[in-house]
Protein chains: 2
Amino acid sequence: MVDESAERLTRVFAALADPTRRDLVARLASGDATVGELAEPYDMSLQAVSKHLKVLEEAGLVTRSKDAQRRPVHLDAEVFDLMTKWIERYRQQAEERYRRLDALLDHMADNTDHTPTRKDAS
Amino acid sequence: MVDESAERLTRVFAALADPTRRDLVARLASGDATVGELAEPYDMSLQAVSKHLKVLEEAGLVTRSKDAQRRPVHLDAEVFDLMTKWIERYRQQAEERYRRLDALLDHMADNTDHTPTRKDAS
DNA sequence: CAGGTTCTCAACCATCAGGTTGACAACGCG
DNA sequence: CGCGTTGTCAACCTGATGGTTGAGAACCTG
C-alpha cells in the first residue's frame, strides 16, 4: 500500500513549489476570483494560468465552480492541515533530539575530552 | 532579485515534494545517519540517494559533515519554520474568510425570512 | 441567430528532475 | 604502501513540468 495521503502530500508540496502558484494561493486567500482576474498581473498567457489552477485543484488546494462562462476559483484551506501535521511531527522530533543532545553535551563538558563519536546507538 | 525567501520556499517545497526525500527526513528526525545507512532500505543506487541528500542540503533541511570518509547527515529543523509560517498565514486568512461567510449566511437566514415566505409550490 | 467573452483542451517545444552506470577522490587499516 | 570502504562527480537517458499557440466549447447579449 502506497499510503493514500503520501500521494496527496506529494501533490500539495509540488503544487506549492512554484512561485506563481504560491502567489495565486496568496491572492485567493483574500477572496475568490475568476481565471481572467487571476491571470491579469502575470506576464504569461491565460492558458498557462489555467494550467496552474488545474495543478492547484488536483492538489486539493482550490475548487473551481461554474458561473455562466466564468469559473470562480476558491481557496480550500483544509489541505494545509495535512502539510502542517507532517511538518510539525518531524520538526518537533528533531528539536527534541536537539535538546537531548544539548543536555548530553552539557553533561560531557564535565568530563574529559574523550571523543565519543560512536554511532550505532539503535 | 526575486525576493530572497521566495527562492528558499521554492527549494524547500520542491525538496519535500519527493516521497523518498520525505522519508529521508522522517528517518533523520530520529537520528543522524551516514549516506550508506540511509541508502540501504531503498531500491535505488547509492548515488541516487546522495543526489537526494544534496537537494535536501541545498534546501537547507540537512547538513552533511565530515567524519573520515563518512558523511554523517543531520536534519536541520529550522527551515520548517519558514514553511509553517507561509502556510499558517494563508490558512488562517482563508479560514477567517470562511467564518465571515458563514456568519453572513447565518445572518441572512435570520432576517430574510420574509422573502421566502411563499414556498413557491409551483 | 450572430458575435463577443471567458475559459479549457490539444499539440508542441525546451528545460528540469530522478534515475542509471562508470570513474575516482579521500580516508583508515593490514 | 596498497587496498577496501565510503561517498561524490560526470555523462547520459527518460519522463514530467512550464510555457507557447491555435481551436473551439459554453455562455450571455444585442
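Letters A, B, ... are given to chains in the order of the sequence lines, protein chains preceding strands, and every chain is numbered from 1.
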Exam field: side chain A:Arg21 to backbone A:Leu56, donor-acceptor pair closer than 3.5 Å: no
Between C:dG19 (P) and B:Lys54 (NZ): distance, integer Å: 16 Å
Heavy-atom side-chain contact between A:Arg97 and B:Asp32 under 4.5 Å: yes
A:Thr84 and B:Arg91: CA distance, side-chain angles, deciding distance, side chain to side chain donor-acceptor pair (under 3.5 Å) verdict: CA-CA 10 Å; A:Thr84 329; B:Arg91 196 185 62 129; 5.2 Å; no
Angle by which the axis turns from one end of the helix from C:dC1-D:dG30 to C:dG30-D:dC1 to the other, five pairs per end, to 10 degrees: 10°
Parallel, tilted or perpendicular: ring planes of B:Trp86 versus A:Phe80, cut at 30 and 60 degrees: perpendicular
Donor-acceptor under 3.5 Å (A:Ser5 side chain, A:Arg8 main chain): no
For atom CG of A:Asp18 and atom P of C:dC16, their distance in whole Å: 14 Å
Any donor-acceptor N/O pair, B:Arg22 side chain to B:Leu16 backbone, under 3.5 Å: yes
Nearest-Å distance for atom pair CG/P, residues A:Leu53 and C:dT6: 16 Å
Atom pair OG1/CE of A:Thr20 and A:Met44 - distance to nearest 0.5 Å: 4.0 Å
Separation of C:dA25 C1' from B:Arg70 CZ (nearest whole Å): 17 Å
Separation of C:dT20 C1' from B:His52 NE2 (nearest whole Å): 12 Å
B:Ala6 backbone acceptor or donor facing B:Thr10 side chain under 3.5 Å: yes
Heavy-atom neighbours of B:Glu88 CD exceed 12 at 6.0 Å: yes
Rounded interatomic separation in angstrom, taking CG from A:Leu56 and P from D:dT17: 13 Å
Side-chain N or O of A:Ser50 closer than 4.0 Å to phosphate OP1/OP2 of C:dT8: yes
Straight-line distance of B:Thr63 OG1 to B:Arg71 CZ, nearest 0.5 Å: 13.0 Å
Contact list for DNA chain D against residues 21-40 of chain A - heavy-atom distance below 4.0 Å: A:Arg21
Heavy-atom donor-acceptor pair, B:Glu37 side chain to B:Thr34 backbone, under 3.5 Å: yes
Contact letters for nucleotides 20-27 of chain D, in which S counts primed atoms plus P, OP1 and OP2 and B counts the base, heavy atoms under 4.0 Å: BBB----B
B:Arg64, nearest nucleotide to its side chain (from D:dT8, D:dG18, C:dG19): D:dT8
